[in-house]
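The structure appears below as structure tokens.
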There are 2 protein chains.
Amino acid sequence: MAEQAETLRRTPLSRDRIMRAAVALADATGLESLSMRNLAQNLGVVPMALYKHVANKDELLDGMIDVVVGEIDPLVPDAGWKQAVRARILSARQVLLRHPWAPLAIESRNMATPAALAYLNSMVGTFRAGGFSADLAHHVMHAMGSRILGFSQELFDASRNAGRTGPTDPAPPAPLPPEVAARFPHLAEIATAASHDDASVVGQGCDDQFEFEFALDLLLDGIERLQQQGWTSFSAPARRAPDSH
Amino acid sequence: MAEQAETLRRTPLSRDRIMRAAVALADATGLESLSMRNLAQNLGVVPMALYKHVANKDELLDGMIDVVVGEIDPLVPDAGWKQAVRARILSARQVLLRHPWAPLAIESRNMATPAALAYLNSMVGTFRAGGFSADLAHHVMHAMGSRILGFSQELFDASRNAGRTGPTDPAPPAPLPPEVAARFPHLAEIATAASHDDASVVGQGCDDQFEFEFALDLLLDGIERLQQQGWTSFSAPARRAPDSH
DNA sequence: TACCGTAGGTGTACGCCGTACACCTGTCAA
DNA sequence: TTGACAGGTGTACGGCGTACACCTACGGTA
């Protein structure tokens, strides 16, 4: 029975269990305090045990990214490309709000993981099915950039710290200190102009969700316009063919 | 004279000299192989000497970011907002091509450095001077996202490795392996569709400069349209008021 | 000229990290 | 019964950031 207790106490390790534990740990304590030793302890196991399932820490990170990407909602069928892309990207954003360490992890790795490739592939497929040329789909993927994965490089983003002090600590929206406001009046102005509620580049209120959708729609509308006027490489980049106003 | 030689051999340390050496070292060998010990050796000095001028490694990174941001061309006077913004961002992009480690450094830090704040502030000022409301300027800054600093989160970007193997090694544009192409046909298609020459998310040819300008102009044109039709919070996000085609 | 405070470089040491490598142990096929 | 092998263990190494005590050279004052 002692050994039964043992068996119950520690489910055997597996690559999948490691990945999920790593994601949970990063969610809870932030990416920079996720170490192999840490993670092993969390799993009730000695550090080197992990290496029987994961080649090294980089592979661990790749696996974590795959877990995150796998949480993005599947394609909704029977929707126009614009609706489909919009829904998927907003889902990706929700996923990343649960895993604020993911953008940094993604950017620090340099090869695409299979799950990420599959996601990008199906996104391209959506554009192609919507009547986009391969060329236009290509450029459009670049234009969307990181927004396709639900984040957009907020530059100096309070939410990046989310896990660091524990998710229960909602980071008081510190107002812009006056001497800073004086040195950067334009920033001070836009910081107070928008009636929002979260913190980003400006220390003040700003509704990230609103900003995200604003930018996303700005892009999607521009893309729609390109596609509807029959984009080809030689007619389109706005620089060359500014449309009439 | 021995001491003269000494004096010549080692210019005294200074915060500025440290920052410039750090940037050069990161340019040459990549961010992940930049350590305090490494940098100290490079400066002919013992590691702890650096700490007389720099509080810790995070502050070093902040200083490096300031150096990079400081290299962005100043505002060109007497240009329309669109030209001014475009020129500045393309300059930022050139700077980041010289310092491929910078996006990761920027994303890994979470507070804005003074130089970055000054840059963002003057960018907002350009929009304001161009007749944008503070509100619209705010949203537009978010919409541009990391592109404002000359990069755009390429997700899986070959150039991120640039320094790692030395800048003289131009990373042969490895073609997409066939089994990958088979699993992700849409990616394979757009990889070969565009007639470009560098590597990014797709292993194949792709002119990053073209893509960058394509996306930048897509955004700028969308922004121009918003501003010209007198944007206000309640009329604009494209979702609510799709313009007529 | 003698002194001393201080700025700035040095040396040692600590506790983390990732992980190589040898080892043990329990399970299952033959 | 045995022996291969999958999977967990223990030890150890080199590298990291950096705390802390130390030394040393110089500039200002008496």
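Note: hydrogens, waters and symmetry copies are ignored here, and every other heavy atom, side chains too, is used. All of these numbers come straight from a predicted model, not from anything done at the bench.
Rounded to whole Å, atom C1' of C:dG15 lies 14 Å from atom CG of A:Asn38. One can place CG of A:Leu39 at 13 Å from C1' of C:dG18, the figure rounded to the nearest angstrom. Between B:Ile18 atom CD1 and D:dG17 atom P the separation is 14 Å, expressed in whole Å. Look at OH on B:Tyr51: it is 10 Å from C1' on D:dA19, rounded to the nearest Å. The nearest whole Å value for the distance from the CD atom in B:Gln41 to the P atom in C:dG11 is 14 Å. In this entry the distance linking CE of B:Met36 with C1' of D:dG15 reads 15 Å, nearest Å. A:Leu50 places its CG atom 9 Å from the P atom of D:dG8, with the value rounded to the nearest Å. A:Asp58 places its CG atom 12 Å from the C1' atom of C:dT19, with the value rounded to the nearest Å.
Distances from the side chain of A:Met48 to the nucleotides D:dG8, C:dG11, D:dG10 place D:dG10 closest. In this structure, of C:dT10, D:dG17, D:dT9, it is D:dT9 that holds the atom nearest to the side chain of A:Val45.
A side-chain donor from one of B:Asp27 and B:His99 sits under 3.5 Å from a side-chain acceptor of the other.
A:Ser91 places no side-chain N or O within 3.5 Å of a backbone atom of A:Ala87 that could act as its donor or acceptor partner.
Remark: aromatic rings of B:Phe210 and A:His139 are close, center separation under 6.0 Å.
If you find the closest nucleotide of DNA chain C to A:Lys57 and to B:Val46, the one lying nearer the 5' end belongs to B:Val46.
At a cut-off of 3.5 angstrom, counting only N and O atoms as typed in the model, there is a donor on one side and an acceptor on the other between the side-chain of B:Arg37 and the base of D:dG17. B:Lys52 contributes a side-chain N or O that forms a donor-acceptor pair with the base of C:dG9 under 3.5 Å.
With a 6.0 Å radius and a threshold of 12 heavy atoms from other residues, nucleotides or ligands, A:Gln94 has its CD atom above the threshold.
The shortest distance between side-chain heavy atoms of A:Ile148 and A:Arg88 does not fall below 4.5 Å.
Distances shorter than 4.0 Å separate none of the side-chain N or O atoms of B:His53 from OP1 or OP2 on C:dA7.
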